[in-house]
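Below: the structure, in structure tokens.
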Amino acid sequence: MSVSDTHAFYQHALEQCLRIQTGLMQSHTLANGEKVWVRQAGARNSIWRYRLLKIVQKISGIDILLPVPNLGGISSLQTEATRLQTLSTAGVQVPTILAQQPDALMISHMGEHNLEKEWKKQKSEPEILLQRWQLGLNAIEDVHRRNQYLSETFARNMIYINHNSIGFIDFEDDPLSVMTLPHCHARDWLCYLHSGARLMQDFGVAEQAKALWDSILQQQPQEVFQTVAKSLRKIRWMRHFNANIYGKDTIKLAAMATFA
């Protein structure tokens, strides 16, 4: 198909998908067999994400983990489209925008499972598990070397494509609108650690994972390294709060604290 025919195909497909879509974010299989995702605008459609980071920041006291203001709806769709285009132009692996209109966005499908699921899949294979941990670290560093940044860089928002490649999703907010680029980079590292430190402990590879973490963090620009180090020092006192009675958010922070 020509470029214009391709554009018309996806634009028509978006309209068709919206007629049957029941959720704000939903997958569809098109007539050509292609799997895609469609996000609709909805009032404050990311409020649960806002609350999650707000709780984590309140417990930890790490300022750069404050949630980025996000009103949801059409505004967040526009932010996501802009971020996807910018990251793609910079060479970062993100979904392709296939079609869009003011209140909806159709993007490509990147893979069947995220990095968190991949870690769990490999939990009985320590060498492979650590390779996947390193893969995530390398992917974030590559984004930063391109003078770009992510958003909520939790493992659930990192798509495992293959043993050499990670893709990124979920860009409804723009951290650079409220903080400096070095702080955006530090935030990316801390979000990744928050999503992985506890799992690395549970799977018995925390010591090796920390060595890989230390190695790559020490290679980062001084301001980024110091911001991450200072943030982790703030929660060193929490490292023994790892019993289930303290709740999921606290024990994740306790695991992070052991990487200080």
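Looking at Q131, its side chain does come within 3.5 Å of a backbone N or O of H163 through a donor-acceptor pair. Without hydrogens or angle criteria, Q26 side chain to T22 main chain gives a donor-acceptor distance under 3.5 Å. At least one donor-acceptor pair under 3.5 Å links the side chain of R146 to the backbone N or O of A90. The main-chain N or O of H12 is never found under 3.5 Å from a side-chain atom of Q16 such that the two would form a donor-acceptor pair. A donor-acceptor pair under 3.5 Å is absent between the side-chain atoms of S215 and the main chain of A211, judged by distance alone.
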Take Q226 and Q222 through the side-chain contact (heavy atoms from CB on, under 4.5 Å) test and state the conclusion after the steps.
-> CA-CA 6 Å; Q226 289 179 345; Q222 191 67 12; 2.9 Å; yes
CA sep, side-chain torsions, deciding dist, call: R187, L190, side-chain contact (heavy atoms from CB on, under 4.5 Å) = CA-CA 5 Å; R187 188 175 190 268; L190 290 167; 5.8 Å; no
Apply the test side-chain contact (heavy atoms from CB on, under 4.5 Å) to residues E34 and L98: give CA-CA distance (whole Å), side-chain angles for both, the deciding distance (0.1 Å), then the verdict.
-> CA-CA 11 Å; E34 181 180 3; L98 302 172; 3.9 Å; yes
Using the side-chain contact (heavy atoms from CB on, under 4.5 Å) rule, take T258 and Q201 through it: C-alpha gap first, then chi angles, then the decisive distance, then the call.
-> CA-CA 10 Å; T258 66; Q201 283 185 345; 3.5 Å; yes
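Y149 has its side chain within reach of P175: a pair of non-hydrogen atoms, C-beta onward, lies under 4.5 Å apart. Considering only heavy atoms from C-beta on, M25 comes within 4.5 Å of I107 through its side chain. The side-chain heavy atoms of L115 and I159, taken from C-beta on, include no pair separated by under 4.5 Å. With contacts defined as side-chain heavy-atom distances shorter than 4.5 Å, the pair R39/E80 qualifies. Side-chain contact between L30 and F9 is present, with at least one heavy-atom pair separated by less than 4.5 Å. Looking at heavy atoms from C-beta onward, V38 lies in side-chain contact with L14 at the 4.5 angstrom threshold. Residues D214 and L212 have side chains not in contact (no heavy-atom distance under 4.5 Å, counting atoms from C-beta outward). Side-chain contact between L193 and L232 is present, with at least one heavy-atom pair separated by less than 4.5 Å.
Hydrophobic cluster membership is shared by I140 and F225, with clusters built from Ile, Leu, Val, Met, Phe, Trp and Tyr side chains linked at under 4.5 angstrom. Placement of I216 and V224 within a single hydrophobic cluster is found when ILVMFWY residues are connected by side-chain heavy-atom separations under 4.5 Å, directly or transitively. A continuous path of Ile, Leu, Val, Met, Phe, Trp and Tyr side chains, each step under 4.5 Å between heavy atoms, connects L87 with M158, placing both in one hydrophobic cluster. Cluster membership check: V92 does not share its hydrophobic cluster with L176, using side-chain heavy-atom separations under 4.5 Å among Ile, Leu, Val, Met, Phe, Trp and Tyr.
Annotation: H113 is in aromatic contact with Y160 [ring centroid separation under 6.0 Å].
Taking CG from D174 and OG from S75, the interatomic distance works out to 10.5 Å, rounded to the nearest 0.5 Å. A distance of 13.0 Å separates CD1 in I169 from CD in Q93, rounded to the nearest 0.5 Å. Within the model, atoms CD1 of I251 and CE of M256 stand 14.0 Å from one another, a figure rounded to the nearest 0.5 Å. Here the CD atom belonging to E141 is positioned 11.0 Å from the NE2 atom belonging to H185, to the nearest 0.5 angstrom. Distance check, rounded to the nearest 0.5 Å: CG of D188 to NE2 of H144 gives 3.5 Å. Here OG1 of T96 is found 12.5 Å from NE2 of H109. Values are rounded to the nearest 0.5 Å.
Between K117 and E112, no side-chain nitrogen of the basic residue sits less than 4.0 Å from a carboxylate oxygen of the acidic one, so the salt-bridge criterion is not met. Using a 4.0 Å cut-off between charged side-chain N and carboxylate O, E118 and R132 make a salt bridge.
Across M200 and L129, no two heavy atoms sit closer than the pair CE-CD1, 4.0 Å. Smallest separation of non-hydrogen atoms from L84 and F171: CD2-CD1, 3.7 Å. Here the shortest heavy-atom pairing between K35 and S27 reads CE-CB, 3.8 Å. When all heavy atoms are compared, the tightest approach of A81 to I97 is O-CD1, 3.6 Å. The minimum heavy-atom distance linking I161 with I166 is given by the pair CD1-C, 4.1 Å. In this structure, L135 and N162 approach most closely via the heavy-atom pair CD2-O, 3.6 Å.
In this structure, a donor-acceptor pair under 3.5 Å is present between the side chains of S151 and D173. A donor-acceptor pair shorter than 3.5 Å cannot be found between the side chains of Y10 and D5. In summary, the side chains of Q21 and H28 do present a donor paired with an acceptor at a separation below 3.5 Å, with no hydrogens or angles considered. Under 3.5 Å, the side chains of Y192 and E152 contain no donor-acceptor pair of N or O atoms.
Atom NZ of K210 sits in a crowded spot, with more than 12 heavy atoms from other residues, nucleotides or ligands closer than 6.0 Å. Q219 CD: more than 12 foreign heavy atoms inside a 6.0 Å radius.
Cation-pi check for R83 over F168 is not met; the charged atom does not lie both under 6.0 angstrom from the ring centroid and within 45 degrees of its normal.
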